[in-house]
Asker: 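The structure's right below; bear with me while I get my questions together.
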Amino acid sequence: MLRNFRNFSDVEFDFYKSGALISGENGTGKTNLLEAISFFAFGKSFRNCHDTDLINFSSDHLHIRGEFVKNEHILQFESGIEKNRKKISLNGSRINRTSNLYKFIKTVYFSPEDVEFLSGAPVFRRNFLDQALSQYSFSYLELLRRYSHILKQRNILLKTEYENAIKKSWDKQLINYGSKLIDCRLKYLDSFIPRLQKNYQCISANRENLSLKYRYSFPRRESESLSSDLEEYLEEIAGQEKETGHTLAGPHLDDLQFEIDNHPVRSFASQGQKRSTAISARLVQAEMIRVKDSETPILMFDDVLADLDKIRTRNIIKLLHSDHQIFIASPNAAIYKDFKLKEIKLELLP
Amino acid sequence: MFTGTLALLVQHLKKLPGIGNKSARRMAMHLIRMNKAEAIALAESIKTAVEKYRNCSVCNLLSEDDPCQFCRAPNRRDDLLCIVENTQDVYLIEETNEFNGRYFVLSNLLSPIDGIGPDQINFPALCEYLRQHQVKEIILALNPSAEGESTINFLAAELATEIGKITRLSTGIPFGGDIEYTTSITLGNALKRRYKVNDQ
Ligand SMILES: [Zn+2]
């Protein structure tokens, strides 16, 4: 049930277990509907926007309700946003921190902008990894939050006249939590990368080989531990950090490098290759959750298959686990016939 | 709308922790309606307590007497010092019956965002305390928050040469949790299972 959510003033939808194909012209709110479903997984939009942006322009509040069936249990979410206040409840009890929602409903959103994380700035790739991992492991989220807080404190300290002993008290934590964070990422990538390669090979019909490397923002020696490498480098660049007032090394500056047949995707890949890479990565994001928690996340394709050829699209369908609930949004329903989903056609309001 | 002295009262009540506009208004309405003598007794007791309580000149604890009861007590160990953030932490630790040393109250934790450095955590006064007392072990009973960790790291490094044993509470306290919200049983265990800071 959506009330005053984006362009929906008051509407209810019922979906099959298999999902739905959401069709309709541009401007009918296909992405908005996906956004509403995903809202219950994250307590916020998947778009980088403010909560109040979700409210219909003709109103000052919104109210949404969603009922999910998971392991034969009913999860009833409700949320209201008014001015700067947001309330979310699950089966009648209030959820205080949005991150406490993460463990209930898991969604993976295949965004048309996913291609950006391959060609854009490193921050997009870090965000992809951080988001995937936060959904995968609650302790990663706690670790990430702690690290970001330490980073914020340390950056402010670097901009002031500080005593070296005080800086050291923050360095120690930055190194400790920073190396733990990187360690979690590496462990995740250990099982992520082979799955990614397999998926990509399947999509490209064995013609191309995709690989992924973790890029450190500091010199990394195999003989030393992560923390001593980071510690040593921070000592080396202390003068530079003082000058700029920024922490210049750590997981917040690390990057991922995707390569197809040993060429960086960022600069060499075609649009179709980038699209296939992004879809492969999202599929592994879902697969990792399925393997760890034996639950199948809801998959949401926001018209991402449109620019792929028929063979690649068919190969992607082959990769999908049959238990997923799948939502596809597209102005062109015909392309997605093979998914055999019930079509929900959104109409433009008069 | 509340006006005049009532509005002023609401403004003051809102400064209390956990009191929003709504509760402040309800409390203010209740105060002016209640028995006059009782309400004035309440106001007086606030006034006396606030005036009488000051920081102990030895350990910085908020106390009616100076030196405070813990600094004066003859049967407490002088060689064991427990460093806490706030006066209320002292009472929580007292409830565990696991500690029989002296206390020192920092009043703050290191936090660059809030402009809190060594002076604001009473580090100079702590150094003075240590010059005047023969302390063999320091227990850093601070929140395991980022600010608490920073303070622990700082104090442990600064005092390492003078103090033989510097310990911190075991992590019986949940990640990101407050000392204030843990039950005294868990805090007691955390005290018993304290470990050397440099061993972590
Ligand atoms: Zn005292």
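Every heavy atom of this structure was used, including side-chain atoms; hydrogens, water molecules and symmetry mates were not.
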Asker: Count the heavy atoms belonging to other residues, nucleotides or ligands that lie under 6.0 Å from NZ of A:Lys180, then report whether that count exceeds 12.
Answerer: yes
Asker: Answer yes or no: does atom NZ of B:Lys136 have more than 12 heavy-atom neighbours from other residues, nucleotides or ligands under 6.0 Å?
Answerer: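 Incorrect, the count does not exceed 12.
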Asker: Just checking A:Lys44: does its NZ atom have more than 12 heavy atoms from other residues, nucleotides or ligands closer to it than 6.0 angstrom?
Answerer: no
Asker: Does the side chain of A:Trp170 come within less than 4.5 Å of B:Pro112's, by heavy atoms?
Answerer: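 Sidechains of A:Trp170 and B:Pro112: in contact.
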Asker: Side chain, backbone, both or neither: which part of B:Ser111 has a non-hydrogen atom closer than 4.5 Å to chain A?
Answerer: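 Answer is both: backbone and side chain atoms of B:Ser111 are under 4.5 Å from chain A.
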Asker: Kindly check if the number of other-residue, nucleotide or ligand heavy atoms within 6.0 Å of CZ (A:Arg85) is above 12?
Answerer: no
Asker: Sort out for me which of A:Arg154, A:Gln153, A:Lys152 touches chain B most, counting heavy-atom pairs under 4.5 Å.
Answerer: A:Gln153
Asker: Test A:Lys172 against B:Glu149 for side-chain contact (heavy atoms from CB on, under 4.5 Å), laying out the working first.
Answerer: CA-CA 9 Å; A:Lys172 196 173 172 187; B:Glu149 292 271 338; over 6 Å; no
Asker: Do other residues, nucleotides or ligands put more than 12 heavy atoms under 6.0 Å from the CZ atom of A:Arg215?
Answerer: no
Asker: Provide the closest heavy-atom pair for B:Leu110 versus A:Ser169 in the form atom of the first, atom of the second, distance.
Answerer: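 That would be CD1-OG, 4.2 Å.
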Asker: Would you say A:Gln173's side chain and B:Ala146's backbone share a donor-acceptor pair under 3.5 angstrom?
Answerer: yes
Asker: Assess whether atom CD of B:Gln132 is packed by more than 12 heavy atoms of other residues, nucleotides or ligands within 6.0 Å.
Answerer: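 Result for CD/B:Gln132: enclosed.
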Asker: To the nearest 0.5 Å, tell me how far A:Ile166 CD1 sits from B:Ile121 CD1.
Answerer: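 Between atom CD1 of A:Ile166 and atom CD1 of B:Ile121 there are 6.5 Å.
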Asker: What heavy-atom pair brings B:Glu158 and A:Ala165 nearest, and what distance separates the two atoms?
Answerer: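 Looks like OE2-CB, 3.2 Å.
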